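What follows is a short report on a single structure.
If you're wondering where the values come from, they're calculated on a predicted model, not measured in any experiment. Whatever order the structure lists ligands and atoms in, that order sets their numbers, starting from 1. Sequential numbering from 1 along the given sequence is applied to the chain's residues.
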Amino acid sequence: MRIGVLGAGNMADALAAQWARKGHDIRIGARTPAKAAALAERIGEGATGGTLREAAEFGDVVLLAVWYEGVQDVLRQAGPLDGRVLIDCTNPMEPPFETLKTADGPSAARRAADASGARVVKAFNMCHESVWRMTPPAFGGRPLGVPLCGDDAEALAAVRELVADLGCVPMDGGGLERAGLLEAATAFMVGLWVAGEDPSAMLPPPEYAGGDPRRTSG
Ligand SMILES: NC(=O)c1ccc[n+]([C@@H]2O[C@H](COP(=O)([O-])OP(=O)(O)OC[C@H]3O[C@@H](n4cnc5c(N)ncnc54)[C@H](OP(=O)(O)O)[C@@H]3O)[C@@H](O)[C@H]2O)c1
């Protein structure tokens with residue numbers, strides 16, 4: 001796949017490096033193109049770096065990996081993304097994790113979709129960048145599940161493939177309308193971590209949760 005990356009920070013680094021190793025073509029874009037070029041050089045594997053617009057034009061799939069405050073500006077600089085697959089990993093949260101920066105309005109993912117015209121899939125926002133650097137992210141022998149929220153079947157299929165490339169298991173998180181729940185759940189979970197709690201301890205094994213747990217493991 002040709003993957004454009006908007007942003008040259010930790011998430012861009014973690015995910016792009018994994019996908020480059022899997023043979024995908026990567027072009028990083030940043031508001032400071034020199035930072036994008038430096039990241040591309042560090043990643044190697046033929047990755048290149050430049051402007052936000054170059055990365056956006058390059059990608060069949062585009063990863064949005066900048067701070068929430070910068071999203072609208074970055075999407076403006078990236079130019080039209082109509083119909084393109086846009087992965088939104090942004091988290092509109094900040095300490096003390098009591099409210100979201102989106103307040104009572106649309107989710108960050110919905111705002112990115114409205115601003116770009118892209119087929120947005122919310123993904124990869126739940127875990128710390130260090131987890132996305134693991135090869136593979138697996139704990140206790142169990143691969144990490146990655147919930148995806150999106151409305152477009154083709155876009156979801158592409159992102160599922162990229163999740164599998166990391167050695168993770170894609171989880172059906174429903175339509176883009178549910179992305180706000182995923183953003184809120186992440187903020188709540190990070191708030192627990194910061195308070196010194198272990199959020200994974202609050203989830204009972206699947207057999208106690210009702211429903212059919214076989215889908216994720218399968
Ligand atoms: N770090 C994590 O563990 C993690 C996990 C899941 C999701 N996320 C989300 O992923 C996104 C990226 O996080 P990160 O950890 O990669 O951050 P980061 O390492 O701080 O990098 C942030 C990137 O966003 C750009 N940026 C920041 N403010 C901007 C603005 N106002 N306008 C344009 N560009 C701006 C930065 O550009 P410059 O370099 O030019 O400043 C940089 O390329 C965030 O939304 C974050 O919530 C992070």
Side-chain angles (χ1 to χ4, degrees), residues 3-20 26-43 47-56 59 61-79 81 86-97 99-102 106-113 115-116 120-134 137 144-149 159 162-163 166 168 171 173 179-194 199-200:
I3 303 175
V5 178
L6 306 178
N10 286 308
M11 285 296 281
D13 186 0
L15 291 170
Q18 295 265 26
W19 292 328
I26 306 289
R27 185 157 184 95
I28 315 273
R31 59 181 172 175
T32 313
K35 280 191 186 178
L39 174 56
E41 194 176 324
R42 215 164 54 241
I43 289 173
T48 55
T51 66
L52 290 162
R53 186 170 283 260
E54 285 165 351
V61 171
V62 177
L63 171 70
L64 177 61
V66 299
W67 284 101
Y68 174 70
E69 287 77 2
V71 166
Q72 295 297 321
D73 194 38
V74 161
L75 289 176
R76 247 189 319 275
Q77 288 187 51
L81 286 168
L86 183 68
I87 303 175
D88 172 28
C89 73
T90 67
N91 275 321
M93 65 184 188
E94 62 189 340
F97 306 103
T99 56
L100 291 174
K101 293 178 187 173
T102 47
S107 67
R110 169 62 63 199
R111 289 170 204 238
S116 65
V120 171
V121 176
K122 186 92 199 177
F124 303 111
N125 66 310
M126 269 208 126
C127 289
H128 192 256
E129 45 99 0
S130 57
V131 172
W132 303 124
R133 292 178 196 273
M134 293 172 67
L144 184 72
V146 181
L148 310 181
C149 296
V159 181
L162 293 173
V163 168
L166 262 62
C168 297
M171 300 169 77
L181 297 179
L182 190 47
E183 291 166 6
T186 302
F188 190 80
M189 197 178 69
V190 172
L192 285 172
W193 261 319
V194 169
S200 68

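The only option from Leu52, Val62, Leu81 that meets the side-chain contact (heavy atoms from CB on, under 4.5 Å) definition with Leu75 turns out to be Leu81.
Asn91 places a side-chain N or O within donor-acceptor distance of the main-chain N or O of Asn125, the cut-off being under 3.5 Å. Of the possible polar contacts, one joining the Trp132 side chain to the Cys127 backbone as a donor-acceptor pair under 3.5 Å is found.
Every protein residue with a heavy atom nearer than 4.0 Å to ligand 1 is included here: Gly7, Ala8, Gly9, Asn10, Met11, Arg31, Thr32, Lys35, Ala65, Val66, Trp67, Tyr68, Gly70, Val74, Cys89, Thr90, Asn91, Phe124, Asn125, Cys127, His128, Glu129.
Of all heavy-atom pairs between Ala36 and Ile28, the closest is CB-O, 3.6 Å. The minimum heavy-atom distance between Leu39 and Gly9, with the atom names listed, is CD2-O, 4.4 Å. In terms of heavy atoms, Lys122 sits closest to Ala108 at NZ-CB, 4.2 Å.
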